[in-house]
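This report concerns only the one structure given below.
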Amino acid sequence: MKRKLFALTLALLLVLSLAACGGSKSAEFTAEAPTASADMAYPMEPGMAEEMGFDFGSTASGGTNGGASYPAGQKLIRTAQMNLETTDFEKAVQGLTDLTEQMGGYFESSSVGKRSNGRWADYTVRVPAAKYQAFLDQAGELCHETWRDTQQEDISERYYDTQGRLKTQQIKLERLQALLAKAENMEDIITIESAISETEQMIDDLSGTLRHYDGQVDYATVSISLSEVYKLSDVEDVPDSFGSRLGKAFTGGWANFTDAIENFAVALAYGWMWVLLLAVVAVVLVRILRKRRRAAKKTDDKPEKPC
């Protein structure tokens, strides 16, 4: 009778393991568990599970009530992408660094480079979820924001289902360890130890998944693309009146004129050797033309000889 009781207990634990891995939310199990030896599977007698100390209600996996409510609140993963411009690159980089530290965040990755038209930087920032929106708003004020995209993913059901499965495996491990302490047959000891090893591996995997979820939920992820520009992108509102339109036209015309002058000066600076060469050629040509004109004039001024 003692051996039968031991076999039934081990079989019940294996059934609980199968139910937990399948994410079942029911306390009734109908599958038959593998047996540790040839005579370990026996029908369950009424009330025997309670006598062994098992509480089906506490070991059922899930715990989300079909996703209707979550005792500890929703689990949301928040992400955002931002494109920023600046005319003062060093100041912008320092401002973003200081803001990240003030918010209690950190740089997960950063890249800085240089292009022909200015420097650039790409950052992946992790900030506490509670300060996620404040970080976005203040980062948009530090620099000129040209684009923003925000997203959030609700992983509540997955999170609490994983949490329930972890609890089931922990209870199963306690039961297996109690059985191992009472086991006398070597074959049963080997079987229980194998089940303990598998359960511990499952606990490690589920615990790692929960830690990963916690990290994604507790800290939001913000991807920032910062560009150094000569002039910030214009984002103009629709003019309210003719005077406003006229004023903007004069302003834009003057800006275009000064840009053209500056661009011409820069082009001259790049091609100063060609400008110098053309100037020398022009001087030589002018001198040659002057000499020819003088020679022609002297010829015209000479008196004709009498016949």
Short N-O contact, Arg211 and Asp218, less than 4.0 angstrom:
no
Any salt bridge linking Glu198 with Lys172? Criterion: basic side-chain nitrogen under 4.0 Å from a carboxylate oxygen.
no
Can you confirm whether Arg290 is buried at CZ, in the sense that more than 12 heavy atoms of other residues, nucleotides or ligands lie under 6.0 Å from that atom?
no
Can you list the other members of the hydrophobic cluster that holds Val112, where links are side-chain heavy atoms under 4.5 angstrom apart?
Met82, Leu84, Phe89, Val93, Leu96, Leu99, Met103, Phe107, Tyr123, Val125, Val127, Tyr132, Phe135, Leu136, Leu142, Val222, Ile224, Leu226
Where the side chain of Glu228 meets the backbone of Gly118, is there a donor-acceptor pair that is under 3.5 Å apart?
no
Taking the side chain as every heavy atom from C-beta outward, state whether Lys131 and Gln138 have any atom pair closer than 4.5 Å.
no
Pairwise side-chain contact, Gln170 with Ile203, heavy-atom cut-off 4.5 Å (strictly under):
yes
Step by step, work out the side chain to side chain contact (heavy atoms under 4.5 Å, CB included) result for Thr79 and Thr150.
CA-CA 6 Å; Thr79 58; Thr150 59; over 6 Å; no
Using atom types as modelled and distance alone, determine if a side-chain donor or acceptor of Thr191 lies under 3.5 Å from a backbone N or O of Glu187.
yes
Separation between CD1 of Ile189 and CE of Met186, rounded to the nearest 0.5 Å:
5.0 Å
Side chains of Lys75 and Gln163, heavy atoms from C-beta outward: is any pair under 4.5 Å?
no
Counting distance only, does the side-chain N/O of Arg78 pair as donor-acceptor with the main-chain N or O of Gln133 below 3.5 Å?
no
Atom pair NZ (Lys291) and CD1 (Ile288), whose distance is rounded to the nearest 0.5 Å:
7.5 Å
Would you indicate whether Trp147, at its atom CH2, is surrounded by more than 12 heavy atoms from other residues, nucleotides or ligands within a distance under 6.0 Å?
yes
Closest non-hydrogen atom pair, Arg115 against Ser227
NH2-OG, 3.6 Å
Decide yes or no on side chain to side chain contact (heavy atoms under 4.5 Å, CB included) for Gln74 and Asp154, but give the supporting numbers first.
CA-CA 7 Å; Gln74 282 185 300; Asp154 189 348; 2.8 Å; yes
Are any side-chain N or O atoms of Thr146 and backbone N or O atoms of Asn83, one a donor and one an acceptor, separated by less than 3.5 Å?
yes
Can a donor-acceptor pair be found between the side chains of Glu108 and Thr221 at a distance below 3.5 Å?
no
Identify the two heavy atoms, one from Asp259 and one from Lys231, that lie closest to each other, and give their separation to 0.1 Å.
OD2-NZ, 3.5 Å
